[in-house]
Amino acid sequence: MATGKKFDYQITEVDGTWRAELTRRASARKTVISKTQEGFNTEAEAVTWAETELKALLANVRARQEAKK
């Protein structure tokens, strides 16, 4: 069984502002960006947004998995 994270986030600095990206591992070699938000003034704002959006995304995925059962 795999031990890596399927969903995660990345924070990058672009031209003095911060960008947050929610990522998903599609395969061992491919990562897909699920959601992006730009224009944060600080890294902390970007991390806060990414963590809350990641929690919402994971809750949505879990709800869909439960509905399948």
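Values below: all heavy atoms of this structure, side chains included; hydrogens, waters and symmetry mates excluded. These figures come from a predicted structure and were not determined experimentally.
- In this structure, I11 and A20 approach most closely via the heavy-atom pair CD1-CB, 3.7 Å.
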Report all side-chain donor-acceptor pairs from residues 58-69 shorter than 3.5 Å, counting only partners two or more places apart or in another chain.
none

Side-chain atoms of residues 36-48: list all donor-acceptor pairs with protein atoms under 3.5 Å, sequence neighbours left out, distances to 0.1 Å.
from, atom 1, to, atom 2, distance (Å)
E38, OE2, R19, NE, 3.2
E38, OE2, R19, NH2, 2.8
T42, OG1, E45, N, 3.3
E45, OE1, N41, N, 3.2
T48, OG1, A44, O, 2.9

Should F7 and L54 be marked as a side chain to side chain contact (heavy atoms under 4.5 Å, CB included) after you check the CA-CA gap, both sets of side-chain angles, and the distance that decides it? CA-CA 8 Å; F7 295 94; L54 185 60; 3.8 Å; yes
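- Listed by first and then second residue, the side-chain hydrogen bond (donor to acceptor under 3.5 Å, both in side chains) pairs that reach into residues 9-18 are Y9-E51, sequence neighbours excluded.
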Give the table of side-chain donor-acceptor pairs shorter than 3.5 Å for residues 26-35, with sequence neighbours excluded, one pair per line with atom names and distance.
from, atom 1, to, atom 2, distance (Å)
S27, OG, R29, N, 3.4
S27, OG, K30, N, 3.2
T31, OG1, R25, NH1, 2.5
K35, NZ, E53, OE1, 2.7

